[in-house]
Q: 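Quick one: this structure, given as structure tokens, is what I'll be asking you about.
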Amino acid sequence: MNERYDYKKYSDFDRNQIINKLKNNLTDSRFEHCLRVESEAIRIAINNNYDSELAGLAGLVHDYAKQMSDDKFKQYIREYRLDENLLNYGNEIWHGYVGYLIIQQELGINDSRILNAVRYHTIGSSHMEKLSKIIFMADYIEPNRNFPGVENARKITNSSLDEGVIFQIKNTMIYLVENGNKIYPRALDAYNRIVDLNN
Ligand code: DGI
Ligand code: FE
Ligand code: FE
């Protein structure tokens, strides 16, 4: 299923080379998660009449920066003059919201749809393109996810991608509040946007 593309159309490297880079940068279990998100993204893309090659590649690379050092992220935040408030958060936010720049540089991927999908895969965004929605949901419902409510999330997403996105954004907000975690303001923007759209 997931060996159908070599991804050379969108990357300086082919799928085998990308896989080697992922293996070099990630634990085995995180690497396996990336393969499952690739397959899940392809499945959701087909369900939603979207380009499954773009979806597969974005899914494969979405967590590439997950195990990069804090120092490397801080360096990127300074070098690219990103929001200084990012320094008050950590890897959970950085691996996507900053990590897309590392992916662009190290994997030679320049398609803005893929880069945005990686950027927003953890926190969502107030303005998500279709590929961003597909990766956001593929990461959330890939077959090994087993949080309470995941079956419901799968059912909803299989009948409506947009409803799946709303479900995840609301549930993650509840989870973060219940656990006393800080909410990155761009995540709050994504939540406020879905409230506006439903009024
Ligand atoms: O990288 P994965 O583990 O595959 O999944 P992910 O990128 O969706 O990361 C999920 C984690 O990110 C989860 O523990 C919740 C956390 N998270 C999402 N939004 C926010 C957040 N953490 C903080 N502190 N603030 C947020 O706004
Ligand atoms: Fe992630
Ligand atoms: Fe992930």
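Numbering of ligands and ligand atoms starts at 1, following listing order. Along the sequence shown, residues are numbered consecutively beginning with 1.
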Q: With heavy atoms of His95 as the reference, note each atom of ligand 1 found under 4.0 Å away.
A: 1 (O), 7 (O)

Q: Is His62 close enough to the Fe ion (ligand 2) to have an N, O or S atom under 2.8 Å?
A: no

Q: Taking non-hydrogen atoms only, is Leu176 closer than 4.0 angstrom to ligand 1 via side chain, backbone, both or neither?
A: side chain

Q: Kindly confirm or rule out a cation-pi arrangement of Lys21 over Tyr64, judged by NZ or CZ under 6.0 Å from the six-membered ring centre and within 45° of its axis?
A: no

Q: Before signing off on this row, confirm whether Thr172 and ligand 1 have an N or O atom pair separated by under 3.5 Å.
A: no

Q: Do Asn48 and Arg43 pair up side chain to side chain, a donor and an acceptor below 3.5 Å, judged on atom types alone?
A: no

Q: Please report whether ligand 1 has a polar contact with Asp139, defined as an N or O pair separated by less than 3.5 Å (distance criterion only).
A: yes

Q: Any salt bridge linking Glu129 with Arg119? Criterion: basic side-chain nitrogen under 4.0 Å from a carboxylate oxygen.
A: no

Q: Quick one: nearest non-hydrogen protein atom to atom 1 (O) of ligand 1, plus distance?
A: Lys66 NZ, 2.7 Å

Q: Just jot down the ligand 1 atoms closer than 4.0 angstrom to any heavy atom of Ala187, in number order.
A: 27 (O)

Q: Around Tyr191, counting heavy atoms of other residues, nucleotides and ligands shown, do more than 12 lie under 6.0 Å from its OH?
A: no

Q: Under 4.0 Å from any heavy atom of His121, which atoms of ligand 1 are there?
A: 7 (O)

Q: To the nearest 0.1 Å, how far is atom 14 (O) of ligand 1 from its closest protein heavy atom, and which atom is that?
A: Glu92 OE2, 3.8 Å

Q: Return the residue, atom name and 0.1 Å-rounded distance of the protein heavy atom closest to atom 9 (O) of ligand 1.
A: Thr122 CG2, 3.5 Å

Q: Between Asp196 and Arg193 (salt bridge meaning N to carboxylate O under 4.0 Å), is one present in this structure?
A: no

Q: Does Tyr7 have its ring centroid less than 6.0 Å away from the ring centroid of Phe13?
A: no

Q: Between Arg113 and Asp111, is the closest basic N to carboxylate O distance under 4.0 Å?
A: yes

Q: Between Glu142 and ligand 1, find which residue part has any heavy-atom pair under 4.0 Å and reply side chain, backbone, both or neither.
A: neither

Q: So which bit of Lys182 gets within less than 4.0 Å of ligand 1, heavy atoms only: side chain, backbone, both or neither?
A: backbone

Q: Do any nitrogen or oxygen atoms of Asp63 lie less than 3.5 angstrom from nitrogen or oxygen atoms of ligand 1?
A: yes

Q: Using heavy atoms and a threshold below 4.0 Å, how should the contact between Arg186 and ligand 1 be classified: side chain, backbone, both, or neither?
A: neither

Q: For the rings on Tyr97 and Tyr184, is their centre-to-centre separation under 6.0 Å?
A: yes

Q: For atom 27 (O) of ligand 1, find the nearest protein heavy atom and state the residue, atom name and distance (0.1 Å precision).
A: Tyr184 N, 3.1 Å

Q: With a cut-off of 6.0 Å (strictly less than), are more than 12 heavy atoms of other residues, nucleotides or ligands near CD of Glu79?
A: yes

Q: Could you list the atoms of ligand 1 found under 4.0 angstrom from a heavy atom of His33?
A: 4 (O)

Q: Can you tell me which residue and heavy atom of the protein come closest to atom 2 (P) of ligand 1, and the distance to 0.1 Å?
A: Arg30 NH1, 3.4 Å

Q: Against heavy atoms of Ile123, which atoms of ligand 1 measure under 4.0 Å?
A: 19 (N)

Q: Within less than 4.0 angstrom of ligand 1, does Arg145 place any heavy atom?
A: yes

Q: Compute the centroid of each ring, for His95 and then for His62, and state whether the two points are separated by less than 6.0 Å.
A: no

Q: Does Arg15 pair with Glu38 as a salt bridge, N-O distance under 4.0 Å?
A: yes

Q: Please find the N/O/S atom of Asp139 nearest to the Fe ion (ligand 3) and write down its name.
A: OD1

Q: Below 2.8 Å, can you find an N, O or S atom of Asp63 next to the Fe ion (ligand 2)?
A: yes

Q: Tell me whether the rings of Tyr140 and Phe147 are parallel (<30°), tilted (30 to 60°) or perpendicular (>60°).
A: tilted

Q: Would you check if the Fe ion (ligand 3) lies under 2.8 Å from any N, O or S atom of His121?
A: no

Q: In plain terms, say whether Lys23 and Glu32 are close enough for a salt bridge, that is, a side-chain N and a carboxylate O under 4.0 Å apart.
A: no

